[in-house]
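Heads up: the structure comes next, in structure tokens.
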Amino acid sequence: ASGDTVALGSGASASGFGGVIAAKIETIAPTTPDVTTTSTTYAEIASGLRITHALSNSSNKLIFMFSSTDMYADSCNGQVAVANTSDVTTSLIGNQMMLVKNTGYDGSGAVEVDTKTGIAEYAPGSTSSVIYTPVFARIGGSGTFYINNSVTTSRMTFTLMEIA
């Protein structure tokens, strides 16, 4: 069962358990200017988060993680997905990995900006080298989706892990 310890007999090996094959993290530094989008289709707005990767085995999967410490959507909703740079308007993972809801406000009426994190799984099925990038879109409303808004304190990360 999950969490149990398994004792292997003499001469047995621990193969076939899978594991992380490769991991790479790309980060936009806090000094990067704020980025925004009003696009209603996915768009790449942070090319510094691109990750080039080729699966080591075509049956392996990728886990994508995205995090931002300063995101909000003003008079709209925002969404984050993952695309191949050959077509940044199409999400590879189906739906978004993160949905940022319309602006929330704190008790004093100021915009409440939160840390947002999303995760998604993807099975490319090919060992070809691909450049992956997070993509952003405004959905609903007519406002602006703000990402990495406070340049002195915010940080975005985009992480890719290959698993067997």
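Below, each value reflects all heavy atoms present in this structure, side chains not excepted, and no hydrogens, waters or symmetry copies. In this chain, numbering begins with 1 at the start of the sequence shown.
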How long is the gap from CG on Leu55 to CG on Leu62, to the nearest 0.5 Å? 5.0 Å

Between the side chain of Glu162 and the main-chain N/O of Ser56, is any donor-acceptor distance below 3.5 Å? yes

Following the transitive rule for hydrophobic clusters with a side-chain heavy-atom cut-off under 4.5 Å over Ile, Leu, Val, Met, Phe, Trp and Tyr, establish whether Ile147 and Tyr132 coincide in one cluster. yes

What about Leu160 and Ile131, same hydrophobic cluster or not, with Ile/Leu/Val/Met/Phe/Trp/Tyr joined at side-chain heavy-atom distances under 4.5 Å? no

Check: Ser91 side chain, Gly94 main-chain N or O, donor-acceptor pair, under 3.5 Å: yes

Transitively linked via ILVMFWY side-chain contacts under 4.5 Å: Ile51 with Met97? yes

Non-hydrogen side-chain atoms of Val82 and Tyr122 separated by less than 4.5 Å: no

Over all heavy atoms of both residues, which pair between Ala46 and Thr133 is shortest? Give the atoms and the distance, please. O-OG1, 4.3 Å

Among Thr38, Val80, Asp74, Val35, find the residue that satisfies the side-chain contact (heavy atoms from CB on, under 4.5 Å) test when tested with Phe145. Val80

Are Ile93 and Met98 co-members of a hydrophobic cluster defined by side-chain heavy atoms under 4.5 Å apart? yes

Are Met65 and Ile163 co-members of a hydrophobic cluster defined by side-chain heavy atoms under 4.5 Å apart? yes

Fit a plane to each ring of Phe136 and Phe66, take the angle between them on a 0 to 90° scale, and name the class: parallel (under 30°), tilted (30 to 60°) or perpendicular (over 60°). perpendicular

